[in-house]
Amino acid sequence: MNWDDTTDESDAERLVGASADREDQAVEAALRPKDLDEFIGQEKVREQLDLVLRAARARGATADHVLLSGAPGLGKTTLSMIIAAEMGAPIRITSGPAIQHAGDLAAILSSLQEGEVLFLDEIHRMSRPAEEMLYMAMEDFRVDVIVGKGPGATAIPLELPPFTLVGATTRAGLLPPPLRDRFGFTAHMEFYEPAELQRVIHRSAHLLDVEIGSEGAAEIAGRSRGTPRIANRLLRRVRDYAQVKADGIITREIAAAALKVYEVDARGLDRLDRGVLEALLKLFGGGPVGLSTLAVAVGEERETVEEVAEPFLVREGLLARTPRGRVATPAAWAHLGLTPPRQSMGGNGQGDLFGA
Ligand SMILES: Nc1ncnc2c1ncn2[C@@H]1O[C@H](COP(=O)(O)OP(=O)(O)OP(=O)(O)O)[C@@H](O)[C@H]1O
């Protein structure tokens, strides 16, 4: 399981997918908090980052390089923009996959202004030569531009103005240690608590001029999978429903009815997630069952089940991956309102599954 895999196409198409779809990209700019005070949750990260930035400002220096790690949609891009705003610096945004050649990176680095923030999303997906160029740029503010090919090639050193690199990754563990070590500050972003998401929803509703009660916000927050991007997306869909089917005001009943239409259940599971769970419970008695068999049963690709549905089910404690296959937890039976067969409830709740 990994978060990065959830950024694929099939995830972006889901209402509860954490990756940004086209509509998200269009509206997110308007919903992004502009400074650290406006940024909701992530208390530790905010406090630490505040110190790093204040100290840099007091020294009149460029801030240290910052690495932000965490699942998609938790606010890494937003934080990088806040870093630039707090430092009164411009920001340049690019991503690892967009930099395939060291020359691409050299072109970006050599055009940076002094103090500029360079946001490099998905930094773990950069090519190797670009990554090596970045080491030197981060440490010495210098790059060697290679001119020519073969034995006649020469390296021309190029001085760079001091800049702040903000790298974002869904998987800090994948970064080569020499790259990780060159960041002065690393922040790990956690999933948000429902109360924090509720605040995100109220704030967004205000900006979108949508009337919402606290129970309505709580209903949406509980289904947002700990992710502000999903909370904002569900809010927009619920707003549509409230406008068409009611007076535009989002109450708890309206939010619940709307999300029922969109097939997002009380815990934030969508049709795919529920399909996987239902197959596991109804067809295989809660498992253990192999991934391929489970995928055939739900009519999905193996990868879709493993990379799109399972991470959230595992995180929610509804499904476990064991050496013998996928196993439903007691919480999964409870969530779908089904009664487990006697043997899967025996002993510690899972003992019989493994001992059978
Ligand atoms: N702490 C927060 N408070 C309020 N809104 C937030 C917060 N974090 C994220 N958001 C909102 O969630 C949306 C997604 O955030 P953002 O694009 O920064 O996520 P990300 O981690 O960069 O995602 P990705 O990894 O997919 O690029 C934005 O619209 C942003 O306004």
Side-chain angles (χ1 to χ4, degrees), residues 2-50 66-86 91 93-98 117-125 166-172 174-175 186-208 210 212 217 220-221 224-237 239 308 311:
N2 57 57
W3 289 326
D4 184 51
D5 294 327
T6 62
T7 59
D8 72 359
E9 293 287 302
S10 34
D11 183 56
E13 287 161 11
R14 302 166 78 198
L15 194 55
V16 291
S19 321
D21 61 22
R22 215 174 292 159
E23 186 192 336
D24 293 327
Q25 285 164 6
V27 293
E28 275 182 358
L31 297 180
R32 283 187 204 286
K34 302 278 185 287
D35 56 36
L36 273 182
D37 286 340
E38 254 189 90
F39 193 82
I40 293 161
Q42 310 288 345
E43 301 300 337
K44 265 272 140 315
V45 169
R46 258 186 24 213
E47 188 186 344
Q48 293 166 349
L49 201 52
D50 187 43
V66 176
L67 179 65
L68 303 173
S69 78
L74 297 188
K76 298 185 294 298
T77 308
T78 305
L79 260 191
S80 73
M81 291 177 171
I82 289 176
I83 291 171
E86 297 268 347
I91 181 165
I93 296 182
T94 186
S95 71
V117 170
L118 174 62
F119 178 58
L120 230 169
D121 203 2
E122 299 188 77
I123 192 169
H124 59 277
R125 292 179 61 193
V166 180
T169 180
T170 44
R171 303 155 83 183
L174 265 198
L175 288 190
T186 299
H188 181 70
M189 320 233 344
E190 304 286 347
F191 287 100
Y192 290 67
E193 295 298 325
E196 293 167 340
L197 289 178
Q198 227 176 303
R199 285 167 56 205
V200 171
I201 291 164
H202 275 298
R203 181 179 169 277
S204 300
H206 178 70
L207 292 171
L208 295 170
V210 177
I212 186 166
I220 299 174
S224 300
R225 302 162 76 113
T227 308
R229 172 174 290 136
I230 300 177
N232 283 339
R233 193 185 300 143
L234 295 185
L235 170 66
R236 297 198 301 274
R237 294 291 74 81
R239 171 193 58 180
V308 182

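The first residue in the sequence is number 1, and the count goes up from there. When a ligand or atom number is given, it counts from 1 through the structure's own listing order. The analysis underlying the following values was restricted to heavy atoms, covering all of them including side chains, and did not include hydrogens, waters or symmetry mates.
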Any side-chain heavy atom of Glu38 within less than 4.5 Å of one from Arg203? yes
d(Gln42 CD, Glu193 CD) to nearest 0.5 Å is 10.0 Å
Atoms of ligand 1 under 4.0 Å from any heavy atom of Lys76, numbered from 1 in the order shown, are 18 (O), 19 (O), 20 (P), 21 (O), 22 (O), 25 (O)
Query - Leu49 side chain reached by Ile82 side chain, heavy atoms, under 4.5 Å - result: no
Short version for Asn232: what comes under 4.0 Å of ligand 1, heavy atoms counted, is side chain
Measuring from the heavy atoms of Ser19, does anything fall under 4.0 Å of ligand 1? no
Ligand 1 atoms nearer than 4.0 angstrom to some heavy atom of Leu31 are 31 (O)
The side chain to side chain contact (heavy atoms under 4.5 Å, CB included) partner of Thr186 among Val66, Leu67, Leu175 is Leu67
(request) Mark the output for Gly41 as yes if a heavy-atom distance to ligand 1 is under 4.0 Å, and as no if none is. (result) no
Contacts of Pro97 meeting side chain to side chain contact (heavy atoms under 4.5 Å, CB included) (sequence neighbours excluded), chain-then-number -> Ser95, Glu122, Arg125
Original post:
Can you check whether Pro33 has an N/O within less than 3.5 Å of an N/O in ligand 1?
Top reply: no
Below the 3.5 angstrom mark, is there an N/O of Ile40, backbone or side chain, next to an N/O of ligand 1? yes
Near Thr78 (heavy-atom distance under 4.0 Å), the atoms of ligand 1 are 15 (O), 16 (P), 18 (O), 30 (C)
Q) Does Ser80 reach the side chain of Ile91, with side-chain heavy atoms less than 4.5 Å apart? A) yes
- Check whether more than 12 heavy atoms from other residues, nucleotides or ligands sit under 6.0 Å from atom NZ of Lys44, and answer yes or no. no
Under 4.0 Å from one or more heavy atoms of Tyr192, ligand 1 contributes atoms 1 (N), 2 (C), 7 (C), 8 (N)
dist Leu197:CG -> Ile230:CD1 (nearest 0.5 Å) comes out at 9.0 Å
Near Asp121 (heavy-atom distance under 4.0 Å), the atoms of ligand 1 are 27 (O)
A student comparing Gly75, Ala18, Pro228 should find that the heavy atom closest to atom 6 (C) of ligand 1 comes from Pro228
Honestly, for Leu79 the part within reach of ligand 1 (heavy atoms, under 4.0 Å) is neither
- Message: For the 3.5 Å polar cut-off, considering only N or O atoms, please tell me whether Arg32 and ligand 1 meet it.
- Response: yes
Output for pair (Arg32 CZ, Leu207 CG), nearest 0.5 Å, gives 13.0 Å
Near Gly73 (heavy-atom distance under 4.0 Å), the atoms of ligand 1 are 19 (O), 20 (P), 21 (O), 23 (O), 24 (P), 25 (O), 26 (O)
